[in-house]
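In what follows, a single structure is set out as C-alpha cells and then discussed.
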Amino acid sequence: GETPRKPGLIAQWEASYFPLPIDDKRTAIGCVVLEVTERKKAETALATRLKQQATVAQLGQLALSGIELSALFDETTVMVTQSLNVDACKILQLKDESNTLVLRSSVGLEKGLVHKATVEIDFKSQAGYALFSPQPVILDNLYEETRLIGSPLLHENQFISGVSTIIPGKDNQPFGILEAHSTKEYQFSQDDANFLQSVANILSTAITRKQAEQENCELNATLEARVTERTKQLESANQELEAFCYSVSHDLRAPLRAIQGFAQVLMEDYDNLFDDMGREY
C-alpha cells in the first residue's frame with residue numbers, strides 16, 4: 001500500500017498485531033509495521049536471476065544435444081519469454097547480400113509471419129539499431145525514445161518496451177538479432193540484457209557448429225564425387241592401357257615369329273656351317 005507521506009508510491013510492509021489489555025473489559029490492539037520494499041525487490045531480483053541462470057543452463061544442454069536450429073529457435077523464444085515475463089520474443093536473421101532481417105522464430109506474434117516478416121536494417125528500427133551497437137539495446141518506452149522510431153512490426157503489435165542484442169555469427173559477422181518485448185512499459189535491467197546476451201551466445205555456438213557440420217557434409221560430398229570421378233578416369237585409363245598393351249603385344253609377335261622361323265631354318269639346313277658361337281647367335 002501507500003502512505004500519506006509518499007502518496008502514489010506503492011510500498012510493501014510487514015505488520016505484526018498483538019493484544020494490549022487495558023482492563024477487565026477492554027483490550028487494545030498493538031501493531032508494529034516494517035517496510036520491506038527493498039528486501040522484497042532484492043528477493044524478487046534474486047529469484048529472477050536464478051530462473052534466468054537455469055534457463056541459460058537448460059538452453060546450453062539443448063544446444064549441445066544436436067537439436068535442429070529451427071527447433072532450438074522455437075524453444076529459445078518460449079523460454080526467454082517465460083524467464084523475462086514479457087509478451088514477446090523473436091529471432092531475426094540477417095539475410096545475405098540483403099538490407100533486411102527476416103523473422104526466424106517468435107512468441108507473441110502471428111505464426112504466419114515466420115520466414116515472411118522482415119525488418120529493414122537502419123537506425124529507425126530497434127533491431128537495426130542493435131545491429132550496429134556493441135552492447136544490448138534497452139528500450140524503456142518506444143514513444144518517448146529519441147534514438148529510433150521503431151519498425152512497423154513493433155507498432156503493429158503495440159510493443160512499448162524491449163531489449164535487443166546481436167547473435168554473433170561466423171567470422172565476426174552477426175547472424176541476427178534476439179529481442180524481447182512488452183506491451184506495457186517495462187524496466188529492463190542490465191541483468192536482463194546480460195541474460196539475453198548469454199542466450200544469444202548459446203545460439204551463436206549452436207549456429208556455428210551447425211554451419212561447420214554442413215560445410216563438412218558438403219566437403220565430404222564433394223570429395224566423394226571427386227573420388228568417384230577419379231576412379232572412373234583410372235578405370236578408363238586402365239582399359240586404354242590394356243588395349244594398348246594387347247596391340248603392342250600383337251604387333252611384336254609377327255616379326256618375332258618370322259625371326260624365329262628363319263633361325264629355325266638356319267639351324268636345320270646350315271647347322272654344319274656354324275661353329276659354337278654361330279649357333280649361339
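Given the structure is predicted, the values throughout are model-derived calculations rather than measurements. Values below: all heavy atoms of this structure, side chains included; hydrogens, waters and symmetry mates excluded. Residue numbers count from 1 along this sequence.
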Answer with yes or no whether the side chains of Thr222 and Arg226 bring together a donor and an acceptor at under 3.5 Å.
no
Got a sec, which pairs hit ring pair (Phe, Tyr, Trp, His ring centres under 6.0 Å) with one end in residues 182-233, sequence neighbours left out?
Tyr186-Phe188
Can you tell me which residue among Gln211, Lys210, Gln93 is in a side-chain contact (heavy atoms from CB on, under 4.5 Å) with Leu69?
Lys210
Which pairs of donor and acceptor atoms, one on a side chain in residues 258-270, lie under 3.5 Å apart (sequence neighbours left out)?
from: Gln264; atom 1: NE2; to: Glu268; atom 2: OE2; distance (Å): 3.1

Looking only at atom types and distance, does a side-chain atom of Thr37 sit under 3.5 Å from a main-chain N or O of Gln12, one as donor and one as acceptor?
yes
Listing request: all salt bridge (charged side-chain N to carboxylate O under 4.0 Å, His left out) pairs with a residue in residues 79-92, at least two apart in sequence or in separate chains.
Lys90-Glu179
Given 3.5 Å as the limit, does a donor-acceptor pair link the side chain of Ser204 with the main chain of Ala200, or not?
no
For Glu144, run the side-chain contact (heavy atoms from CB on, under 4.5 Å) check against Asp140, Thr146, Asn141 and tell me which one passes.
Asn141
Can you list every pair that meets side-chain hydrogen bond (donor to acceptor under 3.5 Å, both in side chains) and has a residue in residues 60-72, with sequence neighbours left out?
none
Would you mind listing the cluster partners of Leu131? Hydrophobic ones only (ILVMFWY), side-chain contacts under 4.5 Å, chaining allowed.
Leu92, Leu94, Leu101, Leu103, Leu109, Leu113, Val114, Val119, Ile121, Phe123, Tyr129, Phe132, Val137, Leu139, Leu142, Tyr143, Leu148, Leu153, Leu154, Phe159, Ile160, Ile166, Ile177
Hey, are the side chains of Thr183 and Asn157 touching, using non-hydrogen atoms and a 4.5 Å cut-off?
no
Check for me, please, whether Val102 and Phe175 land in the same ILVMFWY cluster - side-chain distances under 4.5 Å, paths through other members count.
no
Starting at OG1 of Thr55, measure out to NZ of Lys51 and round the result to the nearest 0.5 Å.
7.0 Å
Sub-4.5 Å side-chain heavy-atom contact between Phe73 and Ile207:
yes
Could you please spell out the steps behind the side chain to side chain contact (heavy atoms under 4.5 Å, CB included) verdict for Ile138 and Gln187?
CA-CA 9 Å; Ile138 296 176; Gln187 296 295 322; over 6 Å; no
Taking atom types as modelled, find out whether Asn201 and Gln197 have a side-chain donor-acceptor pair closer than 3.5 angstrom.
yes
Checking Leu20 against Thr27 for the side chain to side chain contact (heavy atoms under 4.5 Å, CB included) test, could you report, in this order, the C-alpha distance in whole Å, the side-chain angles of both residues, the deciding distance, and whether it holds?
CA-CA 5 Å; Leu20 291 173; Thr27 301; 5.6 Å; no
Could you go through the side chain to side chain contact (heavy atoms under 4.5 Å, CB included) check for Met277 and Tyr281 one step at a time?
CA-CA 6 Å; Met277 186 170 291; Tyr281 289 160; 3.4 Å; yes
side-chain hydrogen bond (donor to acceptor under 3.5 Å, both in side chains) involving Thr3 - partner list, sequence neighbours excluded:
none
Among Ile, Leu, Val, Met, Phe, Trp and Tyr joined by side-chain contacts under 4.5 Å, find the other residues sharing a cluster with Val33 and list them by chain and number.
Trp13
Quick one: side-chain hydrogen bond (donor to acceptor under 3.5 Å, both in side chains) partners of Glu145, sequence neighbours excluded?
Arg147
Once side-chain hydrogen bond (donor to acceptor under 3.5 Å, both in side chains) is applied, what residue pairs with a partner in residues 14-25 remain, sequence neighbours excluded?
Glu14-Arg39, Asp23-Arg26
Partner set under salt bridge (charged side-chain N to carboxylate O under 4.0 Å, His left out) for Asp122, not counting sequence neighbours
none
For Asp276, all residues meeting side-chain hydrogen bond (donor to acceptor under 3.5 Å, both in side chains), sequence neighbours excluded
Arg279
Non-neighbouring partners of Asn238 that pass side-chain hydrogen bond (donor to acceptor under 3.5 Å, both in side chains), sequence neighbours left out
none
Start with the C-alpha distance between Arg49 and Ser189, add both sets of side-chain angles, then the distance that settles side chain to side chain contact (heavy atoms under 4.5 Å, CB included), and finish with yes or no.
CA-CA 11 Å; Arg49 297 291 84 76; Ser189 66; 4.2 Å; yes
Do Asp74 and Arg104 meet the salt-bridge criterion of a basic N to acidic O distance under 4.0 Å?
no
Gln126 side chain to Ser164 side chain, donor-acceptor N/O pair below 3.5 angstrom:
yes
